[in-house]
Amino acid sequence: MITGEQVIKFFEACKNGRCLNQLHSLTIKTGFKLDTFFAAKLIDLYSRFTPVETTRKLFDETPHRTVYIWNSILKCYCRDKQYKETLSLFSHLFLSEKPDLYTISIVLKACAALKALNHGKIVHGFVRKSAQINRDLFVGSALIELYSKCGEIDDALCVFEEIPEPDTVLWTTMISGYEQNGEPIQALEFFARMVIAKGVLIDSITLISVVSACAQMFDLKAGRSIHGYMTRMGFESGLSLLNALLNLYGKTGSIHAAANMFEKMPERDVISWGSMMACYAHNGCAREALDLFDEMVARGIDPNAVILISALQACEATCNLQGGKQIHKLAIKKGLDLDILISTALIDVYMNCFSPDEAIEVFDEMPERDAVCFSAILHGCVENGRAGKSIGIFREILANGFQPDAFDVVKILTACSELGVFQQTSCVHGFTIKGGLADNSFLGASLIESYAKCGSLDGAIAVFRQIIDRDVVIWSSMLAAYGFHGKGQEALQLFNQMIKHSAVRPNEVSFLSILSACSHAGLVKQGIKIFNMMVKDYGLTPNSKHYGILVDLLGRIGELEKAMGFIGQIQEPVEANIWGALLNSCRIYQNMEIGEIAAQKVFDLNPCHAGHYILLSNMYADEKRWDNAAEVRKFVREKQLKKFSGESVIEIRDEVCSFIANDRSHQDSKQILELLCILEGR
DNA sequence: AGAAGCTCAA
């Protein structure tokens with residue numbers, strides 16, 4: 001017969017899990033009936049050292065189950081993150097046994113992890129009925145955790161306030177609750193309360209949350225003073241705490257402080273490496289982030305999803321497609337490629353590296369999608385000239401019940417403008433009104449631009465008129481809208497209305513719009529007057545785009561030398577099209593001298609643009625310098641330069657057709673007519 | 001008899 005004392009000794013020996021099998025076989029061999037104490041001990045040991053299934057088997061074989069035994073199996077499932085199973089077992093337990101403090105704290109933990117607030121509230125109700133459970137600190141901390149994980153931090157505070165003498169863990173749970181719920185100021189205020197509270201010790205876990213709160217606020221000053229406090233109180237060690245500090249310095253852009261800390265750390269884990277990488281990646285040192293990633297892998301540290309995301313962001317920032325692809329492969333190898341955050345990071349990398357097809361492939365394979373990844377693919381498609389695809393994505397966003405934000409709508413309007421699709425623009429307009437986004441000024445400006453670019457000046461005017469509170473962005477976009485349509489006089493009228501009858505002061509963009517409108521409409525004198533107004537009356541500094549238009553305007557009235565003089569004043573690198581505009585004017589006024597200078601500049605800046613060579617060739621021809629003309633044309637032939645063709649778009653029902661407006665346009669029109677016939681026949 | 005709070009991305 002085995003004595004109780006022997007059993008206890010055996011359990012002591014089993015604490016490392018090694019003698020577990022012997023213990024179990026002993027129970028079977030000796031025919032020792034599992035009394036409840038013994039069974040409970042055994043299940044508890046099994047739950048620590050064996051897979052859940054094995055423990056479950058033992059549990060199922062145990063005939064008489066005490067609360068202690070139930071608790072062991074509940075803890076086992078909870079530790080294995082099988083929270084739903086934990087709750088389902090709890091409901092079974094409830095039928096036969098009365099849960100104790102320990103049961104309740106496990107169940108509350110499962111509710112918190114599942115964010116099952118209603119379920120948790122029922123358990124809370126049960127807690128309140130028992131005075132003993134209600135004053136238990138462990139249950140209290142589980143309740144606070146439940147409410148704070150479910151975003152109900154006020155309810156968490158209510159629980160906390162009811163506890164007469166909260167201990168360090170309870171205080172810390174509250175502080176971290178505020179921090180996790182994006183309320184770092186309250187977290188620090190709570191910490192201040194904790195510091196002056198009597199008889200409560202602050203430990204390193206408390207400080208982790210406090211430091212994180214400082215990091216969340218990007219408050220280096222507060223962080224430094226906490227660091228100072230830590231030094232005074234002797235909290236200079238602890239990996240997690242050092243990691244939190246590393247993150248603080250990283251978030252506040254103190255690269256040196258972070259790198260210094262990282263170097264001096266006695267030990268580092270994945271989080272240390274991840275924090276340091278994120279610090280580099282977010283502070284414009286993407287190269288260093290990737291170097292660190294390589295070093296980490298070389299040292300045999302296994303990168304997790306967070307690390308891969310940081311590495312992908314570093315690739316994105318440096319347009320490192322090769323690196324991105326390598327990390328993609330690694331993610332596939334680790335089975336992380338379908339993770340929603342990894343997939344989103346991959347989409348961002350591919351889109352930023354001008355590889356929309358790869359990004360779309362990643363997107364198509366995602367098993368589940370959230371609003372963030374939809375935005376990523378939408379923005380990426382628009383940026384990469386996949387306007388048609390982006391409209392499909394936008395429909396998918398709506399079909400999946402996600403609410404696009406103003407940024408998404410601005411992007412989709414860019415796509416509409418690019419395609420020139422009036423009906424789509426009009427639909428999106430309707431959506432902005434329904435979605436309550438009509439107040440957004442950037443969205444209003446996008447709508448104006450979109451309508452104008454889709455050929456509906458009336459639509460643009462209607463949007464403009466409906467906006468009561470017009471800011472400079474709205475005014476500028478309306479000026480630009482008149483400009484697109486060659487309505488120079490209307491643009492000038494609007495500009496006068498803006499500067500005389502509104503409180504809005506035109507900025508650089510407004511001037512660019514009005515100057516461009518003048519240029520398109522051939523209002524040369526007015527344009528030059530407005531340019532002078534911009535510099536003298538408004539004290540704004542023109543950039544190369546403003547100068548470009550001025551050069552064009554001066555060129556039109558033959559002030560070629562003056563125009564060239566202005567080009568000399570441009571501070572930034574001069575774009576090819578500015579010299580191109582001057583070259584064009586030189587042809588009109590037959591000024592070969594300046595024309596040759598402009599041509600040389602334009603060829604240097606953009607050697608592949610056939611149109612500029614043809615222009616020069618025509619100038620030589622005008623002067624009857626046939627040899628020079630032929631020479632230029634021969635050059636174009638030899639280099640196989642082609643003139644870019646203009647492209648037109650029409651919208652038939654919901655099909656978008658584009659055709660190229662060159663000598664083949666006849667064929668294209670025929671195709672469109674055929675398409676029309678098919679559609680009509682439907 | 002058995003127990004709690006935390007750090008890297010988004």
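The figures that follow rest on heavy atoms only: side chains count, while hydrogens, waters and symmetry mates do not. Proteins get letters first, then strands, A, B, ... in listed order; numbering begins at 1 in each.
Between A:Phe394 and A:Phe402, the distance separating the two ring centers is not shorter than 6.0 angstrom. Ring centroids of A:Phe407 and A:His379 are separated by 6.0 Å or more, keeping the two rings apart. Taking the six-membered ring for Trp and the full ring otherwise, the centers of A:Phe126 and A:Phe94 sit less than 6.0 Å from each other.
A:Ile202 is listed as a side-chain neighbour of A:Met194, based on a closest heavy-atom distance under 4.5 Å. In this structure, A:Val139 and A:Asn134 have side chains that are not in contact, with every pair of non-hydrogen atoms separated by 4.5 Å or more.
Partners of A:Arg287 according to the salt bridge (charged side-chain N to carboxylate O under 4.0 Å, His left out) rule, which considers only residues two or more places apart in sequence or in another chain, are A:Asp291. Applying the ring pair (Phe, Tyr, Trp, His ring centres under 6.0 Å) rule to A:Phe235 yields no partners; only residues at least two apart in sequence or on another chain are considered.
Between A:Met174 atom CE and B:dA4 atom P there is a gap of 20 Å when expressed in whole angstrom units. Going from atom CG of A:Leu312 over to atom P of B:dC8 covers 19 Å, rounded to whole Å. Look at CG on A:Asp44: it is 8 Å from P on B:dA3, rounded to the nearest Å. Between A:Ile163 atom CD1 and B:dG5 atom P the separation is 14 Å, expressed in whole Å. The nearest whole Å value for the distance from the CG atom in A:Leu101 to the P atom in B:dG2 is 15 Å. Protein atom CZ of A:Phe138 is 14 Å distant from nucleotide atom C1' of B:dA1, rounded to whole Å. What separates CG of A:Asn71 from P of B:dA4 is a distance of 13 Å, to the nearest Å. If you measure from atom CD1 of A:Ile153 to atom C1' of B:dG5, you get 13 Å, rounded to the nearest angstrom.
A donor N or O paired with an acceptor N or O is not found under 3.5 Å between the base of B:dG5 and the side-chain atoms of A:Thr173.
DNA chain B lies under 4.0 Å from no heavy atom of any residue of residues 79-96 of chain A. In the region residues 254-278 of chain A, proximity to DNA chain B at under 4.0 angstrom, judged on heavy atoms, holds for A:Ile271, A:Ser275, A:Ala278. Near DNA chain B, defined here as any heavy-atom distance below 4.0 Å, the residues from residues 188-218 of chain A are A:Asp203, A:Ile205, A:Thr206, A:Ile208, A:Ser209, A:Ser212, listed numerically. Contacts between residues 232-252 of chain A and DNA chain B, counted as heavy-atom distances below 4.0 Å, involve A:Ser240, A:Asn243, A:Asn247, A:Lys251.
By the 6.0 Å and 45° rule, A:Arg56 does not stack over the aromatic ring of A:Phe59.
Of all nucleotides listed (B:dA3, B:dG5, B:dG2), B:dA3 comes nearest to the side chain of A:Asp136. Set against B:dA9, B:dC8, B:dA3, the side chain of A:Tyr102 has B:dA3 as its closest nucleotide. For A:Asp167, taking side-chain heavy atoms from C-beta onward, the closest of the listed nucleotides B:dA4, B:dC8, B:dG2 is B:dA4. Taking the side chain of A:Ser105 as heavy atoms from C-beta on, and the options B:dG5, B:dA3, B:dA9, the nearest nucleotide is B:dA3.
Panel note: side chain A:Lys411, backbone A:Val382; no donor-acceptor pair is recorded below 3.5 Å. Formation of a donor-acceptor pair under 3.5 Å by the A:Ser343 side chain with backbone atoms of A:Ile340 is not found in this model.
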